[in-house]
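Take a look at the structure below.
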Amino acid sequence: MSEENGAVVGADTIAEMCCISNDPAEHVAFAKRYIDLGFDHIVFHSAGPDQRAFLEGYGRDVLPRLRGIEQRTHAA
């Protein structure tokens, strides 16, 4: 069944619906779309085996930049 679903969904749909990248700037840009729409809760998930590295990397490289976007959004 999952193979059939994968054929129906396609890589383009997956790329539009989630951010699969090692580049923190791409994650910031992806999340910003939702911040700009007014979302105030966004869930970040990594399917990789090293959750600690994911959390540390996001905490260091992505979340501070998102906090800056949020503060500018609320100040406006």
Side-chain angles (χ1 to χ4, degrees):
M1 180 63 146
S2 64
E3 241 181 84
E4 291 172 23
N5 291 340
V8 172
V9 172
D12 56 334
T13 302
I14 293 169
E16 185 179 317
M17 300 304 298
C18 60
C19 184
I20 302 172
S21 172
N22 288 327
D23 183 354
E26 289 187 29
H27 287 265
V28 171
F30 187 85
K32 187 177 181 310
R33 297 186 317 178
Y34 294 97
I35 293 169
D36 290 347
L37 288 171
F39 283 66
D40 59 5
H41 288 78
I42 302 173
V43 176
F44 301 101
H45 169 72
S46 172
D50 192 348
Q51 295 296 302
R52 179 179 299 271
F54 167 73
L55 293 172
E56 289 172 352
Y58 240 73
R60 180 187 61 242
D61 302 327
V62 177
L63 296 180
R65 294 164 73 177
L66 292 177
R67 286 186 191 105
I69 291 169
E70 179 192 16
Q71 289 169 356
R72 287 191 301 274
T73 302
H74 290 304

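When all heavy atoms of Arg33 and Glu16 are compared, the pair lying nearest together is NH2-O, 3.1 Å.
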Which pairs would a plain distance check flag for residues 17-24, meaning a side-chain donor or acceptor within less than 3.5 Å of a matching protein atom at least two apart in sequence or in another chain?
{"from": "Ser21", "atom 1": "OG", "to": "Asp23", "atom 2": "N", "distance (Å)": "2.9"}
{"from": "Ser21", "atom 1": "OG", "to": "Glu26", "atom 2": "OE1", "distance (Å)": "3.1"}
{"from": "Asp23", "atom 1": "OD1", "to": "Ala25", "atom 2": "N", "distance (Å)": "2.9"}

May I have the list of side-chain donor-acceptor pairs in residues 51-60 shorter than 3.5 Å, sequence neighbours left out?
{"from": "Gln51", "atom 1": "NE2", "to": "Ser46", "atom 2": "O", "distance (Å)": "2.9"}
{"from": "Gln51", "atom 1": "NE2", "to": "Gly48", "atom 2": "O", "distance (Å)": "2.7"}
{"from": "Tyr58", "atom 1": "OH", "to": "His27", "atom 2": "ND1", "distance (Å)": "2.7"}

